[in-house]
Amino acid sequence: MPELPEVESVRRSLLPIVGARVERVAVRTRRSLVVPGDPPGGFSRARGDVKPRPVPRGALLDGATIKRLDRHGKQLAIGSGDGRALLIHLGMTGRVEIRDSPRAQTHDHVVWALADGRRVVFNDARRFGGVWALPDTAALHARWNALGPDALTIDASDLRERLRRSARPIKAALLDQAVLAGVGNIYADESLHAARIHPARLASSIRADDAERLAGAIRRILQAAVDAGGSTLRDGTYSDASGAAGSYATRHAAYGRAGEPCTRCDVTLVSDVIAQRTSVWCPRCQRAPRCV
DNA sequence: AATTTCTCCTGCAAGC
DNA sequence: TGCTTGCAGGAGAAAT
């Protein structure tokens, strides 16, 4: 499942399309696309029989030259340089691929045909992801300003300030993109394990020393995962734009390891649902809060 | 206002 | 072998 390291790996692997011109765009699944004027939450979540609006010419960068690739948290922006941008959420199973072959694949939803013959494809089996057509830089800034700071550079005092007034489990707060942008279920469990913090502890109980360990763990783990090209799980769902898998899954200490020994103390890792997400932790290293 | 629950969707694994 | 069932989960909307 793509989180910050996977999205950053996708961004880097897409760099070879900077400078290319988009000749034409094919929308195969309108529901994976949101253009200005679509209902809140995107066309796919509209109630009733809402007729999809046509996609305005140029909204998907057709005719434009790709100038920049940016990322904030788990969101990727492909910009044309004149302010128009494509904002891409990978959701659970979303992929952006550069292909030489024109052959369509199952779950291809949007295809950008470049003037040099390559194709950039948004493919998403589970369709939790999508592409947002943004008309100008203000639209992109509005979306990204609504998110917390990028997790790769979070500092301890900022993190603590953001958690201080929250009566949720720390796990829920870390998954909230308005608190911190980029952490999902894998890296939340990895960071909490490294920082020795129980996932059910109240966010407001995080003290300065906890925040110091947690912010440091988040930055260190995310950077290591970026360096490894992200986490490709056994199901193989994730790979970058060139099809390369990431190797960080071999270094997971908590995620997916319930029932296995803790890498730090050998005690068997346990698992339960916290904040509506399967969570794995070490009952010795990450001490439980009183009422759990 | 803050927090939790519901919902979307498909592929895969386990069980019979 | 082929069916059913359960599970995985990001994040917006709806409910509490």
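Chain identifiers are assigned alphabetically (A, B, ...) following the order of the sequence lines, protein sequences preceding nucleic acid strands; residue numbering begins at 1 within each chain. These numbers come from the heavy atoms of this one structure, side chains and all, not from hydrogens, waters or symmetry mates.
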Residues within residues 157-176 of chain A bordering DNA chain B, heavy-atom distance below 4.0 Å: A/Ser166, A/Ala167, A/Arg168

Overall bend - the helix from B/dA2-C/dT16 to B/dC16-C/dG2, comparing terminal axes fitted on five pairs, nearest 10 degrees: 50°

Derivation and outcome, side chain to side chain contact (heavy atoms under 4.5 Å, CB included), residues A/Arg30 and A/Val55: CA-CA 9 Å; A/Arg30 181 65 179 82; A/Val55 179; 4.0 Å; yes

pair A/Leu174-A/Ile218: side-chain heavy atoms closer than 4.5 Å: yes

Rounded interatomic separation in angstrom, taking CG from A/Leu147 and P from C/dG10: 15 Å

Length of the CD-P vector between A/Gln276 and C/dA11, whole Å: 15 Å

Between CG on residue A/Leu4 and CD on residue A/Gln223, distance to nearest 0.5 Å: 9.5 Å

Touch class at under 4.0 angstrom, heavy-atom based, for A/Gln177 against every strand present: sugar-phosphate

Nearest-nucleotide pick for A/Tyr255, side chain only, options being C/dA8, B/dC8, C/dG12: C/dA8

Common cluster, A/Leu15/A/Phe122, ILVMFWY with side-chain heavy-atom separation under 4.5 Å: yes

Polar side-chain atom of A/Arg28 near backbone of A/Asp108 as donor-acceptor pair, under 3.5 Å: yes

Modelled atom types, side-chain donor and acceptor of A/Tyr187 and A/Glu6, under 3.5 Å: yes

Whole angstrom value for the distance that separates P of C/dG10 from OH of A/Tyr238: 15 Å

Side-chain N or O of A/Arg277 closer than 4.0 Å to phosphate OP1/OP2 of C/dA8: no

Length of the CZ-C1' vector between A/Phe128 and C/dG10, whole Å: 7 Å

Interatomic distance, A/Ile88 CD1 vs C/dG10 C1' [rounded to whole Å]: 16 Å

For atom CG of A/Leu233 and atom C1' of B/dA13, their distance in whole Å: 15 Å

Non-hydrogen side-chain atoms of A/Leu152 and A/Arg71 separated by less than 4.5 Å: yes

Flag side-chain contact, heavy atom, 4.5 Å: A/Tyr255 against A/Ser231: no

A/Asp82 side-chain N/O to A/Arg84 backbone N/O, donor-acceptor pair under 3.5 Å: yes

Spacing of A/Gln75 atom CD relative to C/dA11 atom P, expressed in whole Å: 7 Å

Separation of B/dC8 C1' from A/Leu33 CG (nearest whole Å): 17 Å

B/dG11 phosphate, OP1 or OP2, under 4.0 Å from A/His107 side-chain N/O: yes

